[in-house]
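By convention here, the first residue in the shown sequence is residue 1. Basis for what follows: all heavy atoms, side chains included, without hydrogens, waters or symmetry-related copies.
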Amino acid sequence: MLGRPVSYRTRSSRPESLGKNSLHMIANICLTIFVIGALVVTIIAATYEPDDPLFQSPTKITTFLTSISNSTFQSNNTVIRTGEDLMAANQTALATFGSGTDAAETKETNSYETSSSECEVDPKEPLDCKDPEVFQLMMQKAIEHFKDIHFNRFGKPTPGPEGNTCDMAWRFRPKQGKATGFNKDYRRFVINRDNCTLSVVSIGEYHSGVNARKKKKKNKNKIPGYEPASGLQDQGGFSLPAAGEVVNDSLPVVESERAFIRRKYLIYVGGADRCKSMKHYLWSFLCALGEAQYLKRTLVMDMTLCLSSVYTSSNQDEEGKDFRFYFDFEHLKQAASVLDQDQFWQIWDKWQRKDKLSLYVVEDFRVSPKKLTEVKHSLIMRKFGFVEPDNYWYRVCEGETGSVVQRPWDLIRKSRRLMDLVAAIGSKLNWDYDSVHIVRGEKARNRDLWPNLAQDTSPDALLSTLQNKIKDGRDVYIATNEPETSFFEPLKHKYTTHFLNDYKELWDQSSEWYSDTAKLNNGAPVEFDDYMRASVDAELFLRGKKQIETFNDLTNDCKDGVNTCNTAAI
């Protein structure tokens with residue numbers, strides 16, 4: 001019996017079903033890969049915690065800047081941490097936000113020569129510094145010549161005074177060391193042109209390429225608003241301090257009568273904060289600035305401070321020191337609403353009666369800023385009496401107020417003029433040096449609190465300790481309060497030693513620092529005092545490839561005296 005033949009082909013294997021099944025299979029595989037990828041990214045994003053204080057709460061930032069440790073330079077009464085130190089923890093990441101040409105994208109070559117694609121050039125004609133091949137050659141030469149720095153970005157070359165010279169600027173930081181912020185250098189390149197071949201003959205000294213220096217912008221220094229001014233942020237969203245830029249820290253001016261009466265102001269007067277240590281001064285000043293920001297008022301500030309006798313050569317407290325000698329006022333005025341009190345009182349006296357400007361006086365530091373948010377008066381004046389410590393400004397920010405008013409540490413940075421000195425000295429050392437901080441002075445003489453310090457920092461002891469830490473023949477920068485550097489003469493047999501006083505020409509009468517600070521001081525010369533010295537010393541120390549601390553590495557004595565090591569470590 002013949003019947004219909006049996007079919008062994010299943011329904012799913014029929015030709016008309018194969019295409020659909022294949023599509024379903026591919027779609028399922030793609031979906032599986034996507035889900036797994038999304039899961040991996042989600043896990044990474046949920047568990048990754050960047051160690052960057054910029055993304056931490058104000059409380060953690062305050063803790064970071066005021067923390068106490070046994071490290072010589074980390075926290076002391078001489079030099080305190082300032083805003084740019086926040087950048088140190090994650091500078092490599094921050095550098096990627098900078099715009100412009102990143103040196104990491106520039107390929108290095110073993111040759112300093114490049115062939116020009118156009119040979120029809122009169123050799124007597126000046127060099128075209130804007131030629132991309134000239135730019136590329138200068139970048140390559142700079143990268144190969146300065147091996148110990150990381151280039152953040154290059155500026156476009158500009159013609160030098162001679163036809164065969166070009167000036168170029170760049171932002172950089174040392175590759176090693178605890179560098180805080182970027183520096184800016186501009187140098188003069190001498191370029192030889194032989195037929196169709198270009199080659200760099202020489203590179204000038206630090207800041208020799210003055211034609212590439214950024215010109216100071218003209219502005220009226222109007223009082224910024226309550227929100228951070230646009231100048232606060234770089235194009236990437238972060239403000240990166242750079243030494244070597246033109247400083248514009250002139251005082252803000254009031255636009256008009258209308259602008260003045262529209263604003264609300266806060267001022268602190270009296271108290272016993274003057275002539276205290278710099279740490280005390282900033283602790284109180286930032287309390288006032290934090291309250292002004294909380295109340296959305298302009299802080300009326302005294303642009304002069306009293307320098308404590310611990311920093312002066314006269315051993316006397318010295319009044320009339322300009323805030324701008326020590327701190328970056330250009331950054332402060334861009335980021336916050338502040339006004340010089342001398343200018344404020346002149347304008348206040350002129351328009352108070354006419355515009356019916358009102359004054360609200362607060363004489364008890366325990367009055368909470370929360371209560372002052374309801375005050376509508378033009379000016380809130382906090383007056384402090386004569387009884388210490390209740391007349392310290394920082395008392396306002398104690399207790400419950402501390403959780404409301406946060407000190408804006410990121411707004412305070414070291415003076416750019418002082419940071420320029422750091423960059424100049426570091427460049428003279430080619431950023432290739434180790435650093436040692438040696439504390440002597442009063443502590444070495446006080447054997448009750450520091451019984452071993454004098455012996456442990458003697459030349460023989462230093463040679464013995466350093467021989468296993470720093471290689472023979474290295475350049476060593478010694479940051480010290482020992483007035484006689486000849487004390488360390490024996491170290492020169494093993495190392496090339498450098499001290500701050502070796503670079504006096506950077507602040508003597510012929511220097512840019514001397515002329516700039518004199519202008520701020522109504523033409524009178526400014527002493528390079530001990531606080532400035534300590535600031536520069538500390539920054540140079542942090543930029544050393546190896547850093548040897550006094551109380552961590554040279555002696556077992558405690559930084560703050562006998563039996564304080566455990567307390568300092570908490």
Side-chain angles (χ1 to χ4, degrees), residues 87 91-117 127-160 164-194 196-214 234-236 240-245 419-420 422-434 475 543-545:
M87 302 294 183
Q91 277 196 327
T92 302
L94 286 175
T96 62
F97 288 100
S99 61
T101 305
D102 195 308
E105 300 175 358
T106 305
K107 296 181 180 179
E108 296 188 38
T109 67
N110 294 322
S111 173
Y112 300 152
E113 299 184 353
T114 181
S115 297
S116 175
S117 58
L127 191 68
D128 182 9
C129 297
K130 296 181 180 180
D131 186 336
E133 292 190 7
V134 175
F135 187 19
Q136 182 74 12
L137 174 65
M138 294 172 68
M139 287 192 293
Q140 291 174 352
K141 177 64 174 179
I143 292 173
E144 293 179 12
H145 185 73
F146 303 106
K147 299 181 182 298
D148 292 293
I149 64 175
H150 166 77
F151 290 88
N152 173 246
R153 60 185 180 187
F154 290 94
K156 294 181 179 179
T158 58
N164 65 335
T165 60
C166 295
D167 294 355
M168 185 173 70
W170 56 79
R171 295 180 72 176
F172 72 95
R173 61 179 173 85
K175 285 184 177 179
Q176 299 185 37
K178 300 174 184 177
T180 54
F182 288 97
N183 303 286
K184 184 175 182 180
D185 196 0
Y186 36 90
R187 304 209 182 200
R188 181 153 296 160
F189 290 69
V190 178
I191 300 175
N192 181 55
R193 179 170 53 193
D194 184 11
C196 299
T197 302
L198 298 174
S199 61
V200 174
V201 177
S202 64
I203 301 178
E205 296 296 324
Y206 177 75
H207 280 191
S208 57
V210 293
N211 290 349
R213 186 180 188 184
K214 184 178 179 181
D234 205 340
Q235 293 183 18
L240 299 173
E245 299 277 6
M419 297 303 291
D420 284 348
V422 174
I425 296 172
S427 294
K428 289 178 180 292
L429 295 173
N430 292 318
W431 302 104
D432 183 17
Y433 65 92
D434 299 321
D475 284 282
R543 283 159 173 75
K545 289 187 173 180

Novice: Which atom pair, heavy atoms only, marks the closest approach of Ala142 to Phe154?
Specialist: CB-CE2, 4.1 Å

Novice: Specify the closest pair of heavy atoms between Val201 and Asn192, including all atoms of both residues, with the distance to one decimal.
Specialist: CG2-CB, 3.5 Å

Novice: Would you give the length of the straight line joining atom CZ of Phe189 to atom SG of Cys129, rounded to the nearest 0.5 angstrom?
Specialist: 11.0 Å

Novice: Would Asp185 and Trp170 count as a side-chain contact (heavy atoms from CB on, under 4.5 Å) here? Give the steps.
Specialist: CA-CA 6 Å; Asp185 196 0; Trp170 56 79; 3.7 Å; yes

Novice: Report yes if some heavy atom in the side chain of Met138 is under 4.5 Å from a heavy atom in the side chain of Ile203; otherwise report no.
Specialist: no

Novice: Determine the minimum heavy-atom distance between Ala423 and Asn183, stating which atoms define it.
Specialist: CB-OD1, 3.5 Å

Novice: A side-chain contact here means heavy atoms from C-beta on lying under 4.5 Å apart; do Arg188 and Val210 qualify?
Specialist: yes

Novice: Tell me every residue that passes side chain to side chain donor-acceptor pair (under 3.5 Å) with Asp148, counting only those two or more places apart in sequence or in another chain.
Specialist: Lys545

Novice: Rounded to the nearest 0.5 Å, what separation is found between the CG atom of Leu198 and the CG atom of Asn164?
Specialist: 11.5 Å

Novice: Mind checking the NZ-CG spacing from Lys184 to Asp420? Nearest 0.5 Å is all I need.
Specialist: 11.0 Å

Novice: Going by heavy atoms in the side chains, are Gln136 and Glu133 under 4.5 Å from each other?
Specialist: no

Novice: side-chain contact (heavy atoms from CB on, under 4.5 Å) between Tyr206 and Ile425: does it pass, once the steps are laid out?
Specialist: CA-CA 9 Å; Tyr206 177 75; Ile425 296 172; over 6 Å; no

Novice: Shortest non-hydrogen contact from Asp475 to Asp432?
Specialist: CB-O, 3.9 Å

Novice: With sequence neighbours excluded, what pairs up with Asp434 under the side chain to side chain donor-acceptor pair (under 3.5 Å) test?
Specialist: Arg474

Novice: Measure the shortest side-chain to side-chain distance between Tyr433 and Pro174 over non-hydrogen atoms and say whether it is less than 4.5 angstrom.
Specialist: no

Novice: If you measure from NZ on Lys141 to OG on Ser202, what distance do you get to the nearest 0.5 Å?
Specialist: 9.0 Å

Novice: Between Arg187 and Gly204 (side chain of the first, backbone of the second, donor and acceptor by atom type, cut-off under 3.5 Å), is there such a pair?
Specialist: yes

Novice: Can you tell me how far CG of Leu137 sits from CD1 of Ile191, rounded to the nearest 0.5 angstrom?
Specialist: 6.0 Å

Novice: I want to know whether Phe146 and Trp431 have ring centres closer than 6.0 Å.
Specialist: no

Novice: So, for Lys147 and Lys175, which heavy atoms are closest and what is the spacing to 0.1 Å?
Specialist: O-NZ, 3.1 Å

Novice: Under 6.0 Å between ring centres, would you say that holds for His207 and Tyr186?
Specialist: yes

Novice: For the CZ atom of Phe151 and the CZ atom of Arg173, what is their distance to the nearest 0.5 Å?
Specialist: 12.5 Å

Novice: Does any non-hydrogen side-chain atom of Val134 lie less than 4.5 Å from one of Pro157?
Specialist: no

